[in-house]
Amino acid sequence: MLSLLVLNGPNLNMLGKREPDVYGSETLEDVMARLRRVAEELGCRLEHIQSNHEGVLIDAIHQAKGVHHGIVFNPGAFTHYSYALRDAIAAVSLPVIEVHISNVHAREPFRHTSVIAPVAIGQIVGLGTDGYEWAVRALVRRLERASR
Ligand code: DQA
C-alpha cells in the first residue's frame with residue numbers, strides 16, 4: 001500500500017486564524033480531515049506532521065525514507081531560505097511535491113524564491129487548501145505509474 005507523508009512547516013498550525021484573507025478560514029484539522037478522505041478514496045496511507053521547528057521537519061524527512069513513498073510539503077516561510085530542508089530532501093531522494101496555499105508569486109518579492117523547488121518534482125501554488133488534494137492525487141498517480 002502506498003504511504004505518503006504530509007508535512008507542514010511553521011505557522012500552518014494557525015490556519016483558519018492566521019490572515020484568513022490570504023490563507024482562508026479552514027483550520028489545518030479541517031484540511032487534514034478532507035485529505036484523509038481523499039487518501040482513503042485512493043487507497044493510500046497518510047501521515048501528517050506539522051512543526052514550527054526546522055530540525056523537527058528535517059528529522060521527519062529523514063525518517064520518511066523507507067516508511068513513506070513520497071512527501072507533500074508546505075515548508076511555510078522556510079521555503080524561501082532553508083538550505084537545510086533542501087539538503088534533507090536531496091538526501092532521502094523521495095519524490096516531494098511542494099504546496100503553497102497562497103500565490104507566492106503575486107506576493108512580496110522574498111516569497112518569489114523557493115530553495116526547495118529544485119529538489120521537488122513539482123509545485124502547486126495559489127489554489128488555496130485544495131492544493132494539498134491535487135498534490136496527493138498527483139503523487140499517487142506518479143507513484144502508481146512508476147511501479148507498473
Ligand atoms: C505559504 C507561503 C509562505 O510564503 C508563507 O511563509 C507561509 C505559507 C503558503 O502556503 O502560501 O507560511 O507556504
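Atom set for the values below is all heavy atoms of this structure, side chains included, hydrogens, waters and symmetry mates excluded. Both counts, for ligands and for their atoms, begin at 1 and track the order of listing.
The shortest N/O to N/O separation between Arg111 and ligand 1 falls below 3.5 Å. Close N/O approach between Ala77 and ligand 1 is found [any backbone or side-chain N/O within under 3.5 Å]. Taking any N or O of Leu12, backbone or side chain, none lies under 3.5 Å from an N or O belonging to ligand 1. The shortest N or O to N or O distance between Thr79 and ligand 1 is not below 3.5 Å. For the pair Ser102 and ligand 1, the shortest N or O to N or O distance falls below 3.5 Å.
Within the 4.0 Å heavy-atom cutoff, Glu19 does not count among the residues contacting ligand 1. Taking 4.0 Å as the cut-off, Val104 counts as a neighbour of ligand 1 on heavy-atom distance. Ligand 1 has at least one atom lying under 4.0 Å from a heavy atom of Tyr23.
In terms of modelled atom types and a separation under 3.5 Å, the side chain of Asp59 and the main chain of Val56 share no donor-acceptor contact. Checking side-chain atoms of Gln123 against main-chain N and O of Glu98 turns up no donor-acceptor pair under 3.5 Å. Side-chain N or O atoms of Glu26 include none that pairs as donor or acceptor with a backbone N or O of Thr129 at under 3.5 Å.
Classification of Arg141 and Glu144 as a salt-bridged pair fails, no side-chain N sitting under 4.0 Å from a carboxylate O. Electrostatic pairing of Arg137 and Glu41 counts as a salt bridge here, judged by a charged N lying under 4.0 Å from a carboxylate O.
Taken together through direct or relayed side-chain contacts under 4.5 Å among Ile, Leu, Val, Met, Phe, Trp and Tyr, Leu5 and Val99 form parts of separate hydrophobic clusters.
The protein heavy atom nearest to atom 1 (C) of ligand 1 is His100 ND1, 3.7 Å. In terms of protein heavy atoms, atom 12 (O) of ligand 1 is closest to Arg18 NH2, 2.9 Å.
Residue contacts with ligand 1, taken as heavy atom pairs separated by less than 4.0 Å, involve Asn74 solely via side-chain atoms from C-beta onward. Using a 4.0 Å cut-off between heavy atoms, Ile101 contacts ligand 1 through both its backbone and its side chain. Neither the backbone nor the side chain of Met14 comes within contact range of ligand 1; no heavy atom lies under 4.0 Å.
Within 6.0 Å of CZ on Arg36 lie more than 12 heavy atoms contributed by other residues, nucleotides or ligands. The 12-atom threshold is exceeded at CZ of Arg34, counting heavy atoms of other residues, nucleotides or ligands nearer than 6.0 Å.
Relative ring orientation between Phe110 and His80 is described as perpendicular, the plane-to-plane angle rising above 60° on a 0-90° scale split at 30° and 60°.
Set against the non-hydrogen atoms of His80, the atoms of ligand 1 under 4.0 Å away are 3 (C), 4 (O).
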